[in-house]
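Worksheet: the structure to be examined is printed underneath.
This chain uses plain numbering: 1 for the first residue, then up along the sequence. Atoms considered below: every heavy atom in the structure, side chains included; atoms not considered: hydrogens, waters and symmetry mates. Every number for a ligand or one of its atoms is a count from 1 in the order of the listing. Keep in mind the model is a prediction, meaning the values are calculated, not measured.
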Amino acid sequence: MQGEEMYQLAVRLFPICRSITGDGVRKTLSVLKEFIAIDIVEVPSGTKVLDWEIPDEWNIREAWIKKSNGEKIVDFKNLNLHILNYSEPVQKRINLKELKEHLYTLPDYPDLVPYRTSYYNRQWGFCISHKQFENLDENDYQVLIDSDLKPGSLTYGEYLIPGKTKEEVLFSCHICHPSLCNDNLSGIVLAVNLASELQKLEPHYTYRFLFIPGTIGSITWLSRNEDKVKNIKHGLVLSLLGDSSPFHYKRSRRGNTDIDLIVEYLLKDEQSAKILDFSPYGYDERQFCSPGFNLPVGCLTRTPFGEFPEYHTSADNLDFINSDNLNESLALLFKVISVIEGNKKWINTNPKGEPQLGKRGLYNSIGGQIQQRDYQMALLWILNLSDGNHSLLDIAKKSGIDFEILTQATNKLLKAGLLREEK
Ligand code: ZN
């Protein structure tokens, strides 16, 4: 799937009203199932998950505000951000003063509609532009929210690609936001694409993809899978990957795990890319990196969490992301995977003196002048540093040679019997 197809998938998913539970999540996962055979897991309301409890399920059919003359001034059908996500049902006539107590706006961005939620505190409300708010007149308003909040379940999706080893790479994205694109349809379409491409290969690692509601979803998954957590050797939370800003990588809590080193290595040549230290605020890395788990999981975004005016507003729409940006993010993720897969420690089987490469046909076996020079240098660097103490990533950093070329050179040296894997 290329950028345009990822973008078109975002277009399909955009209108669905998602939340942390409910049919919007199920509908979203059923669309994703057209691309990968996701397992859909339902966890009943009331289930204890770590320190939390699965809430009642929320579904909504209709919501609007009408004036006394019957004119609908706000309609959930036009934009699902208009409803305070998880609003309890309501149907009544109220005056302007009471209505205003249930309205949310963004005075600093008077044209935008905010995205607001109230998952754990029962209330009802509408989100509108501040411009509209300021033009409301005294009136006999009629409000309707046809929703229900009752025992049901929390739904999440999981997709596993078995590798040669049980050791796992985790990709996680949140699927609880309604019509918002960068946060996080971008993460969803990239994860689906990565999974559908990876399943065609025979990866060394086992790859696990989670499509979960934010916070409660990762807490639920961790609570149900404590036995599997130890297998996670690398992980990334994917979000905010469709806008045009430079990449930002937020380190895992441990700060020096392989995934931290790998992403930092791959971003080192991108001048405007930024590496951020871990902080306990943001996406689901908060849960994966809570001290009792402390997993090697970082978070990859373009503009970081909360640092763009479109964030959590009606401006995070289909114009805010594009297929080129999605493609660029995809290319980086493929590079991350290729370094994860290839980053092994090797042992030079002939460490006394340089082995004679010419007689083994190892020179002149790759095309292109610059590549040729790098390739020959790669052979020498790999042979010299493959003493069991240096990973291929260490060699890439020391030599400055592209990881792909080092991987090709490694394969040639393996074929010639000059390397063996460190056990
Ligand atoms: Zn968000």
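Sorted by chain and number, the protein atoms of type N, O or S within less than 2.8 Å of the Zn ion (ligand 1) are H177 NE2, D183 OD2, H312 NE2.
Side chain to side chain, Q408 and E404 fail the donor-acceptor criterion of an N or O pair below 3.5 Å. With 3.5 Å as the limit, one finds a donor-acceptor pair spanning the side chains of Q199 and Y159. Counted by atom type alone, S87 and R116 present zero donor-acceptor pairs between their side chains at under 3.5 Å. At a cut-off of 3.5 Å, with distance as the only test, no side-chain donor of N121 or S118 sits close to an acceptor on the other residue.
Counting heavy atoms from C-beta on, the side chains of H234 and L170 never come closer than 4.5 Å.
For residues 183-211, the set of pairs meeting the salt bridge (Lys or Arg N to Asp or Glu O under 4.0 Å) definition, not counting sequence neighbours, comprises E158-R208, E168-R208, E197-K200.
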